[in-house]
2 protein chains.
Amino acid sequence: MTVTLADVAARAKVSPATVSRVLNGNYPVAASTRARVLRAVEELDYVLNGPASSLAAATSDLVGILVNDIADPFFGIMAGAVQSEIVGPGGRAGGERLAVVCNTGGSPERELTYLTLLQRQRAAAVVLTGGAVDSAEHNAAMTAKLRRLTDAGTRVVLCGRPPVPGTGAVALAFDNHGGGQRLTEHLASLGHRRIGYIAGPPSRTTTRERLAGHRAGLGLGEGEGPDELVVHGSYDRQAGYDATIELLRRDPGLTAVLAANDTVALGACAALRDQGLRIPQDVSVAGFDDLPFSVDAMPALTTVRLPLFEAGARAGRIAMGREEPPPGGIAKVRGELMVRGSTGAPRRDGAASR
Amino acid sequence: MTVTLADVAARAKVSPATVSRVLNGNYPVAASTRARVLRAVEELDYVLNGPASSLAAATSDLVGILVNDIADPFFGIMAGAVQSEIVGPGGRAGGERLAVVCNTGGSPERELTYLTLLQRQRAAAVVLTGGAVDSAEHNAAMTAKLRRLTDAGTRVVLCGRPPVPGTGAVALAFDNHGGGQRLTEHLASLGHRRIGYIAGPPSRTTTRERLAGHRAGLGLGEGEGPDELVVHGSYDRQAGYDATIELLRRDPGLTAVLAANDTVALGACAALRDQGLRIPQDVSVAGFDDLPFSVDAMPALTTVRLPLFEAGARAGRIAMGREEPPPGGIAKVRGELMVRGSTGAPRRDGAASR
DNA sequence: CTGTTAGCGCCTTCAT
DNA sequence: ATGAAGGCGCTAACAG
């Protein structure tokens with residue numbers, strides 16, 4: 001029924017071994033033989049059986065990419081960048097590796113499940129993007145799982161998430177703390193004192209680091225000072241909207257709102273407008289990430305630009321062994337403060353009118 | 001070295017076949033035996049070898065998703081929706097299917113290459129999203145390739161792209177023509193007569209259909225009437241910016257700009273603003289797709305909402321055989337006109353001041 | 001319900 | 001540079 005390598009061999013009047021060598025190109029084959037084989041492949045419309053060759057060779061050309069939400073450009077950009085770097089040697093058609101993008105939805109269980117599935121596929125490499133859930137239990141499970149993967153020869157790269165010690169996984173961590181701090185210092189230098197903070201889900205490393213940076217920018221130490229101007233929510237627009245209403249309720253005199261990311265910031269902007277407040281005259285707003293749409297918001301969003309594409313591309317190259325991992329297997333990726341129209345000096349009277 | 005099914009069998013004192021049956025759950029096994037096997041799996045930390053089982057069973061749990069650009073939410077939303085529907089029966093961990101997301105970058109060659117790669121992996125199903133390149137050559141190649149896939153038992157679903165006759169592929173096509181037409185009629189009813197159109201790449205079906213709808217809305221027949229107010233570009237923000245400048249050059253008296261999609265529309269808005277033109281007082285702008293950020297533009301973008309998530313989810317279900325394909329294997333997915341702040345009546349004087 | 005027996009299609013030493 | 005042969009790890013009939 002389905003044409004196999006043996007069929008090709010028969011038609012080309014060579015042994016299966018020779019066909020295999022031609023197809024994999026990892027071995028010297030006479031030009032004339034190669035041509036004959038290739039022609040037979042054409043004529044028979046032969047397509048290699050991936051599972052069979054993976055089984056025999058004990059390797060696979062699958063590369064896993066874990067993301068929290070593929071519909072979010074934050075992850076889409078990184079996933080696309082990783083993918084652009086995992087093409088096979090020569091970039092030839094057929095020599096390529098396939099990216100398996102796994103949508104975890106931010107769930108630790110699904111994250112682990114997908115890693116098992118990738119392990120089952122004997123993935124050549126795995127790239128985990130974005131923040132991690134930071135609980136002792138999940139950390140332990142992840143450590144075990146990642147170690148097993150690296151032990152089995154799968155290269156593991158963390159892109160935009162903190163290192164997992166003792167696993168052999170390379171980490172390109174975003175400087176969320178520094179970014180959060182710079183953002184807050186920017187607002188403070190403008191004269192803001194009552195700054196609301198819309199944080200992401202409490203358990204995520206990204207949330208914690210950005211919030212810690214914010215608090216550091218405020219001059220607060222660990223666990224010090226009041227939290228009444230911090231509201232947690234998910235990383236979406238609606239959460240930004242709701243949190244802003246809540247912050248305004250807690251302190252109508254707010255002069256600035258710092259959001260967990262740009263998407264949340266857009267929700268915050270919408271809420272402020274619906275409350276009749278002007279940006280930035282009445283309330284300044286800032287986001288994080290600098291996604292493509294952020295510059296098109298009105299006014300354009302002040303934010304911290306994270307080099308998502310570059311980081312993803314680097315992760316992809318490291319995963320493919322085409323670039324040296326950073327010393328110690330850990331690199332910190334800095335963000336750049338982008339000051340735009342959505343932040344300005346606070347109103348003189350200090351109280352936003354509703 | 002690596003633990004195999006036989007090792008588990010030995011430890012559980014059963015035959016390999018029994019272990020396989022427990023793991024696949026497709027066969028009656030005594031509860032006590034199952035428990036014993038499961039314990040052995042735990043103790044040995046055994047992970048099934050995917051390639052081996054795919055080879056033996058002649059099936060795989062990989063599902064391909066082809067997208068033009070995974071960083072674009074238009075595709076990200078569909079990909080995420082497909083992925084949410086391809087979980088295995090019971091939704092159990094391990095019973096899942098893996099989504100292989102392939103970024104074609106809009107290149108016909110890469111599209112074909114990825115299909116071959118998926119064919120090689122013996123993918124259970126393939127979903128192709130977004131517009132296709134519409135050339136005789138590529139159509140022929142795609143027809144051949146898709147037929148081969150469906151012949152091999154791979155379910156193929158086209159999501160947001162026109163049918164490919166004679167292939168057994170199910171198509172959920174977006175009503176781009178109708179959307180384009182309604183958008184233009186909306187502008188016309190507002191009193192606009194000089195409408196610029198920023199089209200996507202000329203060869204894509206999406207571009208052609210939307211543009212044809214626009215021309216129909218203008219009351220023009222096929223190939224009839226002047227094209228001086230149509231500019232082609234890629235589907236990105238910069239293209240929208242550049243095209244708008246060009247349109248303004250061609251006709252400074254323009255009162256409206258229709259963009260190929262929302263992203264392009266944002267670029268158009270930026271260009272208009274940079275030219276000192278107000279939206280919609282001087283020039284109305286409309287997009288297409290209704291991506292999440294469109295409602296946050298200022299003013300909010302008038303556009304055509306495409307049910308991307310719903311369509312992707314349906315495509316996923318059909319691909320998994322969990323939903324009947326539409327009659328004839330073809331369904332048209334309609335868009336909904338969303339009238340928002342970016343469109344309004346044209347200026348009385350009819351000429352935009354620069 | 002469980003064990004036995006053959007392959008699935010390819011890669012890879014080992015020869016030649 | 002090419003051929004021969006064994007096995008990668010698992011599943012799918014068949015028996016029992």
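Below, chains carry the letters A, B, ... as their sequence lines are ordered, and counting in each starts from 1. This structure is a prediction, so every number in the text was calculated from the model and none was measured.
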From C-beta outward on [X], which listed nucleotide comes closest to its side chain: [options]?
| X | options | result |
| --- | --- | --- |
| A:Leu5 | C:dC11, D:dG9, D:dT11 | C:dC11 |
| B:Ala57 | C:dC1, D:dA12, D:dG9 | D:dA12 |
| A:Ala56 | D:dA1, C:dC11, C:dG3 | C:dC11 |
| A:Thr4 | C:dG9, D:dT11, D:dG3 | C:dG9 |
| B:Thr2 | D:dA12, C:dG9, D:dG9 | D:dG9 |

Please give, in whole Å, the distance from [N] [atom2] to [X] [atom1]?
| X | N | atom1 | atom2 | result |
| --- | --- | --- | --- | --- |
| B:Asn26 | D:dA13 | CG | P | 12 Å |
| A:Leu23 | C:dT12 | CG | P | 13 Å |
| B:Arg120 | C:dG9 | CZ | P | 16 Å |
| B:Asn24 | D:dG9 | CG | P | 17 Å |
| B:Lys13 | C:dT2 | NZ | P | 16 Å |
| A:Tyr27 | C:dT13 | OH | C1' | 9 Å |
| B:Arg122 | D:dT11 | CZ | C1' | 17 Å |

Keeping B:Arg21 on the side-chain end and B:Tyr27 on the backbone end, is there a donor-acceptor pair under 3.5 Å? no
Does the side chain of [X] get closer than 4.0 angstrom to OP1 or OP2 of [N] through an N or O atom?
| X | N | result |
| --- | --- | --- |
| A:Ser15 | D:dA4 | no |
| A:Ser20 | C:dC11 | yes |
| B:Asn49 | D:dC8 | no |
| A:Thr33 | D:dT2 | yes |

Worksheet item: With a non-hydrogen cut-off below 4.0 angstrom, is B:Ala30 in contact with a base, only sugar-phosphate, or nothing?
Response: sugar-phosphate
Report task. Check every strand shown and say whether A:Val19 touches a base, only sugar-phosphate, or nothing at a heavy-atom separation below 4.0 Å. Result -> nothing
Open item on the list: Under the criterion salt bridge (charged side-chain N to carboxylate O under 4.0 Å, His left out), I'd like the reasoning laid out for B:Glu43 against B:Arg39: C-alpha separation, chi angles, the key distance, then a yes or no.
Closed with: CA-CA 6 Å; B:Glu43 292 168 351; B:Arg39 192 151 47 73; 3.3 Å; yes
By nearest-nucleotide position on DNA chain C, the 5'-leaning member of B:Leu55 and B:Pro16 is B:Pro16
Side-chain donor/acceptor contact of B:Arg21 with base of C:dG3 under 3.5 Å: yes
**OP:** Using the salt bridge (charged side-chain N to carboxylate O under 4.0 Å, His left out) rule, take B:Arg161 and B:Glu111 through it: C-alpha gap first, then chi angles, then the decisive distance, then the call.
**Re:** CA-CA 14 Å; B:Arg161 73 158 66 191; B:Glu111 186 164 276; 3.0 Å; yes
*asked:* Do B:Asn139 and B:Asp134 pair up side chain to side chain, a donor and an acceptor below 3.5 Å, judged on atom types alone?
replied: yes
B:Arg317 meets the salt bridge (Lys or Arg N to Asp or Glu O under 4.0 Å) criterion, sequence neighbours left out, with B:Glu85, B:Glu323
